[in-house]
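Read the numbers this way: they start at 1 and go in the same order the structure lists the ligands and their atoms. Values reported hereafter were calculated over all heavy atoms of this structure, with side chains retained and with hydrogens, waters and symmetry mates removed.
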Amino acid sequence: MHRTSSPRTWLTRTCLAGLPTLLLTTASLADVSTRELDAAAKTIDNKVIEWRRDFHANPELGNREVRTAEIVAKRLQALDLQVKTGIGMTGVAALLKGARPGPTIALRADMDALPVTEQVDLPFKSKARAEYRGEQVGVMHACGHDAHTAILLGVAEILAGMRDKLRGQVLFIFQPAEEGPPDGETGGAGRMMAEGLFDIAKPQAVFGLHVVASLNTGVIGYRSGPMMAGSDRFNIEVKGRQTHGASPWNGVDPIVVAAQITTGLQQIVSRQIDITKIPAVISIGAIKGGIRFNIIPDSVEMVGTIRTFEPSVRTDVIERITRTAKNIAAASGATATVTIGTAPNPPVINDAALTQQSLPSLERVAGKGNVRVISLQTTAEDFSYYGLFAPSLFFWVGITPPDRDAEKVPYNHSPLFYVDEAGIGVGMRALLAVATDYLQRK
Ligand SMILES: [Zn+2]
Ligand SMILES: [Zn+2]
């Protein structure tokens, strides 16, 4: 349990009563209190919302967050932090050094928007357009990363203002391309890590949050252990032999083989995986082959996604997909080549001890009944990369107005995705609470 004032603070204050001359120096050694954090948060709530609206009106696609990164870097420099730009294309990181010794933590926000045309009627509605896969598309912060960026800027400003009292160090991470880089590029958390993000300072814990439509404002969702799935793309090339549609026996029909493989893959999860332990998902998203009604084509390309929560299950599923596709193809005299994507997202796994330690902080902000365990999520998040290098905690922050049914409103990525701005303050306070409690715990 965390108290507003720790025994240490209380002791310091008591001793100080008789030693007025020491008041200034010793008082500055007191920890940051919840009351101070609340007061500081109140003074910048409106500013954070203004920042979020500006980001919302000016969204940028993954690896193209040039304007956003520039604003972020300027604000961090104004706070007198050590700022590094251009990590993983447009990524920005800043290090805050507290005046007192302590651990190092990292706090992460993502900055990218999506190729979605906004349909929400807001004064700061996005009118942005950009080129995506050769097409002109609308761009929208349909996943709420505008809120994440504004929240973390708010947290940075508050903590920088308390650096004299702060223990340890805080690495602020503003990450590009969480939703994935454009075709032919790399990006996101994995790339920032590959470019030495944690060389700036190696954190002992990493925290991140995501605003979600499926929770009402005021509610925080979390899960200890696996929370969000790891994702892998795969591609299967089925090669047959082209022939006339009137005489299939003269060739090898890859379309029929692709259909059999699709069905076969669905039997992996339903017949071969012990789903009572942990689930898995295999989905085929596209099948392409052929050009004309009476020509059996030479080959068919299939693409799909795998979602798993444990490395051993992932390896097993990949092996089964490969075996199933190859053997089904062989039965018809065709071949199937399975290729697994080179940039998988690992699952988001919340460190059990860190989650347990951080719960009281979240509960203090949202109220005990409002911090809820969510079910396993088959969506993915590249926040998971940081968890490969340090214990991490990712949690969800509700942003659907209390008078609306969070299970029925348009979800993240919808052109109707809507952020109740009252949830932004909850997110900022939650991140401040877990961060300061961690730094002051040791
Ligand atoms: Zn998203
Ligand atoms: Zn997102």
Side-chain angles (χ1 to χ4, degrees), residues 52 55-56 59-65 68-69 72 88 90-91 107-120 126 128 130 132 137-153 173-182 187-192 206-215 220-223 227-231 233 281 283 285 305 307 343-348 350 374 377-387 392-400 406 409-420 423-424 426-428 430-431:
R52 182 258 160 173
F55 293 135
H56 191 85
E60 296 168 300
L61 291 175
N63 276 2
R64 303 288 180 272
E65 307 90 337
T68 311
V72 165
T90 52
L107 307 177
R108 176 270 207 168
D110 39 12
M111 305 188 287
D112 55 321
L114 286 159
V116 173
T117 305
E118 176 148 28
Q119 286 175 21
V120 189
S126 164
Y132 184 72
V137 293
V139 183
M140 175 189 175
H141 269 296
C143 202
H145 300 184
D146 49 343
H148 305 165
T149 305
I151 286 171
L152 193 56
L153 281 175
I173 305 168
F174 292 86
Q175 183 207 301
E178 190 286 317
E179 305 281 3
R191 180 159 170 185
M192 281 190 93
V206 187
F207 299 96
L209 60 74
H210 207 299
V211 295
V212 286
S214 56
L215 295 175
I220 289 175
Y222 78 98
R223 195 177 174 85
M227 176 162 122
M228 298 178 76
S231 65
R233 283 186 194 191
V281 176
S283 294
T305 185
R307 303 292 159 120
N345 273 324
V348 173
N350 284 332
I374 55 168
Q377 302 296 314
T378 48
T379 44
E381 238 290 347
D382 76 356
F383 179 79
S384 53
Y385 274 95
Y386 307 114
S392 62
L393 173 63
F394 196 62
F395 56 92
W396 281 9
V397 175
I399 43 83
T400 287
V409 295
Y411 195 57
N412 296 47
H413 290 206
S414 161
L416 293 167
F417 175 69
Y418 174 76
V419 171
D420 173 11
I424 290 176
V426 178
M428 182 168 73
L431 210 49

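- Checking each of Val212, Val419, Asn412 against Ile399 for a side-chain contact (heavy atoms from CB on, under 4.5 Å) leaves exactly one that passes, namely Val419.
- For the pair Glu60/Met111, no side-chain contact is recorded, criterion being any heavy-atom separation below 4.5 Å from C-beta on.
- Around the Zn ion (ligand 2), the protein N, O or S atoms found under 2.8 Å comprise Cys143 SG, His145 NE2, His210 NE2.
- Listed for the Glu118 side chain is a donor-acceptor partner under 3.5 Å among the backbone atoms of Ser126.
- The ring pair (Phe, Tyr, Trp, His ring centres under 6.0 Å) test with His145 is passed by exactly one of His56, His413, His210: His210.
- Residues Leu61 and Pro182 form no side-chain contact, since every pair of their non-hydrogen atoms from C-beta on lies 4.5 Å or further apart.
- If you run side-chain contact (heavy atoms from CB on, under 4.5 Å) between Arg108 and each of Phe207, Phe174, Phe383, only Phe383 comes through.
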